[in-house]
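Note that ligands are numbered from 1 as they come in the structure, with each ligand's atoms numbered from 1 the same way. Every heavy atom of this structure was used, including side-chain atoms; hydrogens, water molecules and symmetry mates were not.
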Amino acid sequence: MSSIQDLGLSETYGAFIDNAFQPVDGPTFAALHSGTGEQIARIARCGAAEVDAAVQAAAKAFPAWRATAPEERSALLLKLAAAVEADQQRLASIDSVDIGRRLFETGLDHQFAISQYRYFAAAAITHEGFGRPIPGGYMVARREPYGVCGQIIPWNVPAIMAAFKIAPAIAAGNTVVLKPDENASLSTLELCRHIAKIFPPGVINIVPGFGEEAGAALTAHPGVAKLAFTGSSEVGRIISRAGAERLVPVSLELGGKSPNIIFPDIEDIDAVVDNAMFATLYCNGQSCLAGTRLFVHDAVYDAVMDRLVAGMERVKVGAALAPDTVLSNLVSPEQGERVMNYIGIGKAEGARLMTGGQRIAVEGQAHGHFIAPTVFEADNHMRIAQEEIFGPVLSVIRWKDHDRMIEEANGVRYGLAAGLYTSNLRNAWDTAERLQAGSVWINHYFNLASGSPFGGFKESGIGSEYCHETLNMYTHLKAVTIQTRVAAPWFAPKA
Ligand code: NAI
Ligand code: MG
């Protein structure tokens, strides 16, 4: 896809309700090319009225949708997977332009999204309740969908986020109202063109807009029976409070500050350093899973640091769509400033800047904030090692004592993921056991194989996505007990 005209975008997008884009007669906001700042579309800034219409559509669609056979829901999810696969290049290009990530990455996002639709197509059929005989009859525990699910997603990996939310919810028989992020709504809105051809009206509805408007209206709507959110821990708390107010279940995927641990017995330093770079720079560093605290054992510290700095300085920083780019721009000027601010905090608190730390100008991309891959030598207690930065910034922490390192690795409020590199199996297993993280990757990073539970410990979230268990989050259990006949009077029998 060479130009924006080839992306097949509309000039304006309204809310997607009952399989149709609604006419836009209220306020709109701009979708910008994140590198050039050029306006590429305008999007309805939905509020309570659009959210209400979407929830009503989803509520109306729910009884028929929940009554469909799981096989039918599965077949439709497979159709969606095939449609996204056929349109993958265009959808990935839209994300690249919209959020500034290179095509290689947004293409991978779509591969993950497709595998999600397929995974939950299979899981829909095999998601069973359970049962057991009871005296004089049988108990059946049925898994029943909640109804309308209100879902809110962030901007960093829009295709994965939409699939993570939509696939399990509808596989389990729920209907959906989803709010995409104001920085990254386009690929989700374009996904609607496929949804409209495949699903009954009202099963999946999309309300674009701002968090405090469309998002808040969705979380407060009395017709929403289950809330699911991915984003900052700060907003996660707001969503959780909204759920508490109405006593509806809330699942949360929040931030991270994940440790990536190098032991002295690694065999191939270059390979490990390459992994550490990937863990830092994937998504231009804007990933909740990023391995942003690199714990390096004293015995290999200098060798690792030398190669790491050299590797980071080799990284080609450039426009998202330039073929040789490895690192491109952050999603927005605000995010760029946030990250630069953290770099300033790191310097001020005495962390040693080993490389990077500056904004880079890229020709023709004046709007984009490109930040050089940045490595600090830091202490675990520093703010740059404690807080989620969401940019290409790595804190390297030297360690010697295993117990102390584990304490520091766990010494953050988050617990999303962890990586470790060693050739000793027992060491790997014991360390994995002691790490407080929802995912632990041994001798690699970012491995999200279909079916691996993805969720956070501590303040990184509540619930697991991407796996069979996710369907439990989108259903409640109902016990139905059967006695084959009414027992003879026993409670207050006649004398
Ligand atoms: P955010 O948490 O504000 O945005 C995520 C989603 O929540 C968006 O769709 C937004 O519209 C919505 N939202 C915001 N306020 C809301 C409210 N009051 N009610 C309902 N929905 C609301 O994240 P933001 O501001 O874009 O990024 C700030 C920082 O958050 C990042 O620098 C990063 O540290 C973290 N973040 C973490 C993500 C993750 O996947 N863990 C994803 C995005 C951001
Ligand atoms: Mg925000």
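- Using bins of under 30°, 30° to 60° and over 60° for the plane-to-plane angle, the ring pair Phe446/Trp441 lands in the tilted bin.
- Under the 30°/60° scheme for interplanar angles, the aromatic rings of Phe29 and Phe210 are found to be tilted.
- Atom CD1 of Ile462 and atom CZ of Phe229 lie 12.0 Å apart (nearest 0.5 Å).
- The option from Ile152, Val235, Val339, Leu178 that lies nearest to atom 16 (C) of ligand 1, judged by heavy atoms, is Val235.
- Residues Thr28 and Ile43 have side chains not in contact (no heavy-atom distance under 4.5 Å, counting atoms from C-beta outward).
- Aromatic pair Phe278/Tyr445: centroids not less than 6.0 angstrom apart.
- Remark: Arg413 CZ is packed, more than 12 non-hydrogen atoms of other residues, nucleotides or ligands lying under 6.0 Å away.
- Heavy atoms of Leu218 found under 4.0 angstrom from ligand 1: none, in either backbone or side chain.
- Residue Asp181 holds the heavy atom nearest to atom 8 (C) of ligand 1 of all those in Asp181, Leu252, Thr219.
- Using a non-hydrogen distance threshold of 4.0 Å, Gln335 registers as a contact of ligand 1.
- Remark: ligand 1 atoms within the under-4.0 Å shell around heavy atoms of Asn156 are 40 (O).
- Heavy atoms of Glu182 found under 4.0 angstrom from ligand 1 belong exclusively to the side chain.
- Heavy-atom distances between Ile239 and ligand 1 reach below 4.0 Å in at least one pair.
- The shortest N/O to N/O separation between Trp155 and ligand 1 falls below 3.5 Å.
- With ligand atoms numbered from 1 in the order given, ligand 1 contributes 19 (N), 20 (C), 21 (N) to contacts under 4.0 Å with heavy atoms of Gly215.
- Annotation: Phe454 is in aromatic contact with Phe164 [ring centroid separation under 6.0 Å].
- Annotation for Lys458: atom NZ counts as buried by contact number, over 12 foreign heavy atoms lying within 6.0 Å.
- When only interatomic distances are considered, the shortest N/O to N/O separation between Glu388 and ligand 1 falls below 3.5 Å.
- Annotation for ligand 1: atoms under 4.0 Å from non-hydrogen atoms of Leu254 are 41 (N).
- The distance from ligand 1 to the heavy atoms of Pro154 drops below 4.0 Å at these ligand atoms: 42 (C), 43 (C).
- No hydrogens or angles considered: nothing links the side chains of His444 and Asn275 as a donor-acceptor pair under 3.5 Å.
- Near Ile153, with a cut-off below 4.0 Å to any heavy atom, the atoms of ligand 1 are 6 (C), 8 (C), 9 (O).
- Residue Phe390 holds the heavy atom nearest to atom 31 (C) of ligand 1 of all those in Phe390, Tyr342, Phe229.
- Considering Lys257, Arg293, Glu408, Glu407 as possible partners of Asn380, the one that fulfils the side chain to side chain donor-acceptor pair (under 3.5 Å) test is Arg293.
- Every N/O-N/O distance between Cys288 and ligand 1 stays at or above 3.5 Å.
- On a distance-only criterion, Ile238 and ligand 1 share no N/O pair closer than 3.5 Å.
- Near Thr230, the atoms of ligand 1 lying under 4.0 angstrom from a non-hydrogen atom of the residue are 40 (O).
- Taking every heavy atom of Gly255 and a limit of under 4.0 angstrom, the matching atoms of ligand 1 come to 41 (N).
- Across all their heavy atoms, Ala319 and Val362 have their closest contact at N-CG1, 3.9 Å.
- Residue Glu234 does not touch ligand 1, judged by heavy-atom distances below 4.0 Å.
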Arg193 and Asp87: CA distance, side-chain angles, deciding distance, salt bridge (Lys or Arg N to Asp or Glu O under 4.0 Å) verdict: CA-CA 11 Å; Arg193 298 195 196 280; Asp87 196 16; over 6 Å; no
